[in-house]
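In what follows, a single structure is set out as structure tokens and then discussed.
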Amino acid sequence: MAAIRQTFFQECEEQLSEMEIGLLAMDEGSTDSETVNAVFRAVHSIKGGAGAFKLTQLVQFAHTFETALDFVRSGKLTPTPEMMKIMLRAADVLADLVEASRDGREINETSYETVAADIKSLTLVNGEEEVEEPIDFQPTVIDFGLPEISIEPASEEAGASSHEYRINFTPRPELYANANETALVLRELNRLGVMEAACDVSALPNLENIDSNGAYFSWSIRLTSERDIAEVREVFEFVEGEADLSIESDGQPEVSDADIAALLAMALGSSPAAEPMVTSESPADTHEPETAAAAAPASAEAPSALTPVGEAPKPDAKAAAIPSQTTIRVEFDRVDRLINLVGELVINQAMLSQRVIEANFAGSSSVVIGLEELEQLTREIQESVMAIRAQPVKPLFQRMSRIVREVADATGKEVRLKTDGEATEVDKTVVERLAEPLTHMIRNAVDHGIESPEARLAAGKPAEGVVRLTAAHRSGRIVIEISDDGAGINRHKVRASAVKKGLIAADAQLSDSDIDNLLFLPGFSTASTISNISGRGVGMDVVKRSIQALGGRISISSRPGQGSTFSMSLPLTLAVLDGMAVSVAGQTLVVPLTAIVETLKPKSADIHALGAEGRVMAIRDTFVPLIDVGTQLGFRDTATQPESSVAILVETGGGARNALLVDSIQDQRQVVIKSLEANYGTVAGIAAATILGDGRVALILDVDALVAGSFEESLSGELRYGTGG
Amino acid sequence: MQENELAANAANNEFVAFRVGAQEFCIDIMCVREIRGWTPATPLPHAPAYVRGVINLRGAVLPIVDLAMRFGLGLTEPTPRSVIIVVHIHQQIVGLLVDAVSDILTSSEASMQPTPDIASDMAKTFVKGVYAVDGRMISIVTLDSVLPISAKAAA
């Protein structure tokens, strides 16, 4: 039961996401029947499932919502922008209720009663409420190729303390084969209360066709009992799996084996009017996930679109058995394990390659050729396995539309979120860890970026502001941009605030983008009054740090009167990394390739001393702090001679440039990231570890930490190179 | 964790005994995951001297603690015959560098004697009792504070 419940909530998430996509499309003006039906069906499926689990609060709200949607569907209501606002808020409440039900919480009804009242008011035509549909599970007919089961709607006349159960009990041949007897079950049932049983013998064939091992009878039982449904169900404990059973209590169906199939079918979105189209159309969905807004459920609906709400959904057992989506659910742990194993394989293959090289086989020998093939295969396996964990940023982006609504409501602004590139895929761990910084930036964009409607009108802009959220793949990384068409950064104010806080000198010469980058400094805030939502600047340093922790970088650009854009570039996965293997004091270290700008052979004339211990390196007329990696990490006491070393020009997430001095460069390679924290802890200057081809552990440098440790991250340094990225 | 296990199976506990320098120690066998030979470790920057670095244990990065150094008995000079005892310490897996594994002991809680009261920090921090076995004294090691504090806090 718990597993079915879990499946229901998983499917709910999908339904909620379909609903949200549809509602947003409706909000954009597409009120065609496909879109409306998709939303309707999503809400209906949630209601149906919730009914089966007796989640009353959820059922009630979903029902009200569904009624309103049905009005739109049947043309009794034409969506207006105001109405869509109510609907979107209702969608938020529904999502909250689903979440609360999943966690077994009750939501205080006052928290959403306005929305509930609003949505209800939509269905008051001419001041009169339309006749409500009873909230119960609809009659269902399921054809398993076995005797028919029917769940009839319950009569509403059950007493307060006693329940009325309607039980359909159809034994299968296995029941008799296992020496169970229906008479005993019925006798047991009779003890629970007043029972009326009718035996259906219609399935009984002619005598000559009868199979003595067959099962031909079914019973429909009406039981009035004070016992709860669990006790009634317990009677059938011994014949579970050997009979088709449905128990319906006071009109609320208990989940029976048969219902589960129906429930799953509904949750999969293939239920209402499950025409053959469901299966014939669905393969198209898998090819075009980005058009999911209209595709998945909508395609199933098309011709039979205008099914009245009261009509019973007839889940087709065959459709349920073959899920229309060609996806599987896998526990994240299993994928993780697979990824780890493939990581091992890659390391082992590298070890093998190294051994073969050491053994001096001829380049054309079959061993070498075979190994090359293995290498290629390993790489392909690795790529495919990594792709399993990749998921589109769509769910993340969808969550943001809710944030925009909430903040816009709280600040009295009119804001629309436009998204693009939702199908862009990125590793699940990256998606998860992006949620928080993204939320923060979206809030900022609405709260501080977009002006009030009056101010916008005064500036000659439409009253409604636009926040744009886009994702795209660019040279092996994902780039996410958040832009608003607001007033842009008030540089005068930012500068004044930074001076006041002592972050910069009053006469500091700063370019416009230098000023914009002040927002990322810790402890910076331009908000004259700290709102309860956020203050731009408050926490932007945190945002920057979390992006950097993901191996990404963030930059900002702003044009007065036209808005600001935050741009993030992130790795696609956190499991592998492109790095440059270098030697330092006899050790192999890996420098992440994303941090490297170029490598140089320093001349002694390029190196200048600065202060007691500081050294800088001249690179094309700029002086870049020089970091001796060996001494910085404590691998040796005295600094190496730059002439006999290699300098690697690196850029930190903040845009600061430094030169790392290493003994030599070995090669560039893809490494599997291994955690140091799991068994040891964090090490300053080291991001993680990896395992080399010879089986030894190599450390991966944390360039940002290394730079910060060697060099007080002063503002001048940060700003001088702040525009570099 | 070790304490609980000891309390739970007070009757008969098995211990792995090993030598560090001239002294004998033992740990609860339930904490031991495997025993393996020495392989050179990759040093960690800014690590305490008793953390010899990290090695690859079938894909996991395993820190190696030099028990002699940790106990204040001087740095071990690892040879190919040195032994790494791989142990669980809470959620972490750590390799302990010791000179040799000497014995598997079966002993009961009752025969454990309190640590003799001497002014040794090592004894106070790492030894929670001693056994007398055939005229030898074997100290029972508690592994809780073997890793550096900062590393544990960070993990």
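Please read all numbers here as calculations on a predicted model, not as lab measurements. By convention in this document, chain letters (A, B, ...) are assigned in the order of the sequence lines, proteins followed by strands, and residues within each chain are numbered from 1.
With a 4.5 Å cut-off on non-hydrogen atoms, V94(B) touches chain A through its side chain but not through its backbone. Only the backbone of S675(A) comes within less than 4.5 Å of a heavy atom in chain B; its side chain stays farther off. When heavy atoms are compared at a cutoff of 4.5 Å, A41(B) approaches chain A solely by way of its backbone atoms N, CA, C and O. The parts of I93(B) that come within reach of chain A are both its backbone and its side chain, each placing non-hydrogen atoms under 4.5 angstrom from that chain.
At most 12 non-hydrogen atoms from other residues, nucleotides or ligands lie less than 6.0 angstrom from CD of E436(A). More than 12 heavy atoms of other residues, nucleotides or ligands shown are found within 6.0 angstrom of CZ on R136(B). Enclosure of atom CZ in R636(A) by more than 12 non-hydrogen atoms of other residues, nucleotides or ligands within 6.0 angstrom is indicated. Applying the 6.0 Å contact sphere to CG of D637(A) captures no more than 12 heavy atoms from other residues, nucleotides or ligands. Around atom CD of E358(A), more than 12 heavy atoms belonging to other residues, nucleotides or ligands sit under 6.0 Å away.
Looking at every heavy atom in both residues, I686(A) comes nearest to P45(B) through CG1-CG, 3.7 Å. Considering every non-hydrogen atom in both L699(A) and P43(B), the closest pair reads CD1-O, 3.5 Å.
For the side-chain contact (heavy atoms from CB on, under 4.5 Å) test with V697(A), the passing option among L44(B), N56(B), L62(B) is N56(B); the others fail.
For the atom pair Q92(B) CD and E677(A) CD, the distance stands at 10.5 Å (nearest 0.5 Å).
Under the 3.5 Å distance criterion, the side-chain polar atoms of N679(A) are left unmatched by any main-chain donor or acceptor of P63(B).
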